[in-house]
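By convention in this document, chain letters (A, B, ...) are assigned in the order of the sequence lines, proteins followed by strands, and residues within each chain are numbered from 1.
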2 protein chains.
Amino acid sequence: MSRKPTIHDVARKAGVSIATVSYVINGSRAVGAERRGRIEQAIAELGYFRNGLAQSLKSETSRVIGVSLPYAASAYFHGLMEALEDIAESEGFEILQILSRQDPERELRRIETLLAHRVAGLIMVPSYDPHRTFDLLHRSRAPVVMVDRLWPDDRFDYVTMNNREAMTGVVDALIGLGHRALLFTARFPNLITTQQRIEAFKAAGGDARVEFLLTGDDEETFGARLIERLRRPLPPTALIASNSIITLWALKALQAAGVSCPDDLSIVSFDEPVWADVLTPPLSIIRHPTRVIAEAAWGLLTERIEEARAGELGRRKTRHLEFSATLELRGSVTRLA
Amino acid sequence: MSRKPTIHDVARKAGVSIATVSYVINGSRAVGAERRGRIEQAIAELGYFRNGLAQSLKSETSRVIGVSLPYAASAYFHGLMEALEDIAESEGFEILQILSRQDPERELRRIETLLAHRVAGLIMVPSYDPHRTFDLLHRSRAPVVMVDRLWPDDRFDYVTMNNREAMTGVVDALIGLGHRALLFTARFPNLITTQQRIEAFKAAGGDARVEFLLTGDDEETFGARLIERLRRPLPPTALIASNSIITLWALKALQAAGVSCPDDLSIVSFDEPVWADVLTPPLSIIRHPTRVIAEAAWGLLTERIEEARAGELGRRKTRHLEFSATLELRGSVTRLA
DNA sequence: AGCGCAAATCTAAACGTTTAACCTGTCAAC
DNA sequence: GTTGACAGGTTAAACGTTTAGATTTGCGCT
C-alpha cells in the first residue's frame, strides 16, 4: 500500500504543475475549465486529501480554537462547551476540545498539544492549579481567554459570573425566609471563585450564623462530614452547594441519613443541572449566564486574535468581564417559622 | 513584535547548527554538555516553543487520537469521553475532541479538521446521518473505531452494548412484574441502535401489548405526544426511554399533567444519569458498560494503528464487539396487581 | 607521527503545502 | 501593427522541523 497521495501526485496525474492544483483546491486563482476538470478528476480518483499540517505550516494561520475544560459532567461546563461550539460554527471556526480531568499535569500537556498545533486561540476553564500552564500560555503569547475560574493573575482576559453578587443574593434570600444558620460548601478552597463566594457569604451573613465546610475529595468523605455537622448542636438550616455534583453528593447523604429536604435542610445549588426540576422537591439553583459568558469570551478572544494578527500583541490591557447569575428558588428551600 | 522564535533562532543564539538543537530537544542523539547548556539557555531566553505542525509534517506520526461525540450532555457520552481520556493518558496519547451537535454537516467538517491534522486514529459515536463522513473516513484510510451507534456499514470496526439483549432483559423484567402494555420511545428511528431495540422489544413482548412512540425533536412535542397516548384507551403501564434526556422530558411532562410515577406509569431509562437515585422514586436504568466499551474501542484502534504503521492497511476483517448492559430496577418500576 | 575509532557536530534534503514572481498567449483598442 | 491588459500557466522559494550521512575532533595505541 502506497502512502497518502499528495498534491504532487495529483499534479502528475493531471499533467499540470502543483501550483495549478493548489489554485483549484483553494479557488485562489482562475484556472481553465479543461485543466480544472482533469485536476478534479485526479483528486477524486486518487482519493487525495489535503494535509492540514503542511497547509497551516505554510500559511501560518488556522481557524481552529482550542477549548479546555476540567471535566464535562457539570451542566454549566457542557452548556458552555455546546454554546462555544455553536458560536464557532456560525463564525466559521472549528473547535478542538481537551479535558484536563482536574489534573494540572495533564492540563499542561494537553494545552501544549493545542499550542503545538498552532490553534488560533484558546478558551479555557483552568484546573485548580494552573500556574505552570499559565506560564506556558503567557510565554507562548497565544491569544487566550479564561472563563469562570480566575486566578490572582493579571496576564489574561477573563469572563466569569459575578460570584459575590450571586452569593449575596442567595444569602439575602435565605435570611429573608427566616434562615439564621447557613452552610456553604465547596471542594477547592483556593479557587478564586470559592474565595469570592466565601467572602460574600460572610459579609452578607450579617448576624446570621455562617459556616464554610470543605467537601473533601469524594462522595463518602463529604457525606460523612455533612451529616456529622447536621448532628452537632446548632445545625445549619440551609445549605449552599458550589455545584451540581456536590449537590448530588449532599442529596444522597441526606437520603441515606434520613434527613429531609427541605424540612430539615434547605438546599440551593450553584450550576444548572437539567434535572433540577424533576427532583422532589425541585432544586433551587443559581443559574450561570452561560450563553452570555460564552459570547463574551468569544468576543474577547477574537479581538485578541485580531490584535495578534496585526502584530499588536499584548498592547491592550487585560480585561475582566462579569455577568449576573439568576437565582431560581424552588421547593428545596422553605420558609422558616 | 517579532514572530515566534524557531529552531533556527535558537541555533543562531547558541552558535550551533539547527540539527544540534533538534537533538537536544528530542534527546535523539548525544550532545556535549557545554553546547547543551548554551542551547537550553537560548531556548529559555527566547521562549522557544516547538511547532508541532512542522514536527508531525516531517515525522509523519503523532500520538493524538480524535474523539467525536454528538453531544456531551448524556451521562453515557461524557462517561465515555472521560474513560477514553484516562486510557489515553495512561498510554501516553493525547485526545482531541469534537462535538457534532447531531449535525451531519458539522460532523463532516470537524472530522475533516481532525484528519487534516493527521491524528493517529479516531474513535467516534456517529451522528444520525453519517454517510458522507463515513465515505470520507473510508477514503482517508485513517484508523477508526465506531462506538455505540452503528450503521449498516461493514467498513469499520465497532463496539457497542448488546442492544437486543438489554431490551429483552427489560421487557422480560417488566412482564415478570405484571406489565402487559409497554411503550418504547426514541428520537432517531433510523439509528441501528433504535432498530435493534425495537426489534427486540417486539420479539420479547410476546402476548403483551408493545408500542413504539417517536419522541419528535423537542420537549414540548414529546410531552404532548406522551400525555396524549396515556389519555387514550388501553394506556401503557410502563415506559422504556432511549436515553436520559428523553427520560427527563417524560418526567417533566408527567409532572405537569399530574400523572404519577410509578403508580400510573413505570419508567426505565437507557443511559446512566448520575441523578438516577436522587429522584423520588429512584429511576430504573439500563447501564452501559462504559469503561469496558472504552477499553475495547481503544484496543481495536491501537491494533488498527499498528496495522497502518506496518503498511498492512485494511487487511484484517472488520470486527464487531458487543458487551452486556446491566439492568438496575428501582422505585420507578412497580409490580402490577 | 600515524592510525583507527567513537563521539560530537554539521550539511542538506526532505515533508506537503502556499504564493510571489515570472512567462506566454489572446484579444481589444488605438 | 504596436501596445497593453489580462487570463492562465509555471517555477521556485519558503514554512519549521527531522534525520541520513558527511565531516570534524579528540584520544588512545602502536
Inset, instruction - Could you tell me whether A/Glu45 and A/Arg38 make a salt bridge, using a distance below 4.0 angstrom between a side-chain N and a carboxylate O? - result: no
Inset, instruction - Answer with base, sugar-phosphate or nothing: what part of the nucleic acid does B/Ile18 contact at a heavy-atom distance below 4.0 Å? - result: base
Inset, instruction - Please state whether the phosphate of D/dT18, meaning OP1 or OP2, lies under 4.0 angstrom from any side-chain nitrogen or oxygen of B/Asn26. - result: yes
Inset, instruction - Check the distance between C/dT17's C1' and A/Ile39's CD1 and give it to me in whole angstrom. - result: 15 Å
Legend entry - Distance below 4.0 Å between A/Gln55 side-chain N/O and C/dT18 OP1 or OP2: yes
Legend entry - Which residue lies more 5' along DNA chain C, comparing B/Val31 with B/Glu60 via nearest heavy atoms: B/Val31
Legend entry - Side chain of A/His8 - closest among D/dT18, C/dT17, D/dA22: C/dT17
Legend entry - Separation of C/dT18 P from A/Arg50 CZ (nearest whole Å): 9 Å
Legend entry - B/Lys58: side chain to side chain contact (heavy atoms under 4.5 Å, CB included) partners, not counting sequence neighbours: none
Inset, instruction - Whole angstrom is fine here: how far is it from CD in B/Glu34 over to P in C/dT9? - result: 8 Å
Inset, instruction - Determine: side-chain N/O of B/Arg35 to OP1/OP2 of C/dT9, distance under 4.0 Å, yes or no. - result: yes
Inset, instruction - Verify the neighbour count for atom CZ of B/Arg319: are there more than 12 heavy atoms of other residues, nucleotides or ligands below 6.0 Å? - result: yes
Inset, instruction - Using a 4.5 Å cut-off on heavy atoms from C-beta on, say whether the side chain of A/Met81 contacts that of A/Gln97. - result: yes
Legend entry - Proximity to the side chain of A/Val16 - top-ranked nucleotide from C/dT18, D/dA20, D/dT10: D/dT10
Legend entry - B/Thr20 side chain near C/dC10 phosphate (N/O to OP1/OP2, under 4.0 Å): yes
Legend entry - B/Ile25 CD1 - D/dG16 P separation (whole Å): 13 Å
Inset, instruction - Respond yes when some side-chain nitrogen or oxygen of B/Tyr23 is under 4.0 Å from OP1 or OP2 of C/dA7, and no when none is. - result: no
Inset, instruction - State, yes or no, whether a side-chain contact exists between B/Ile39 and B/Tyr23 at a heavy-atom distance under 4.5 Å. - result: no
Inset, instruction - Using whole Å, report how far CD1 of A/Ile7 lies from P of D/dT10. - result: 12 Å
Legend entry - Atom pair distance, as rounded to whole Å: NZ in B/Lys58 and P in D/dA20: 9 Å
Legend entry - Whole angstrom value for the distance that separates P of C/dG16 from CZ of A/Arg12: 11 Å
Inset, instruction - Determine: side-chain N/O of A/Ser22 to OP1/OP2 of C/dT18, distance under 4.0 Å, yes or no. - result: yes
Inset, instruction - Report the distance from atom CG of A/Leu46 to atom C1' of C/dG16, rounded to the nearest whole Å. - result: 15 Å
Inset, instruction - Looking at every strand, decide which applies to A/Thr6 at a 4.0 Å heavy-atom threshold: base, sugar-phosphate, or nothing. - result: sugar-phosphate
Inset, instruction - Scan A/Ala30 against the nucleic acid and name what it touches under 4.0 Å (heavy atoms): base, sugar-phosphate only, or nothing. - result: sugar-phosphate
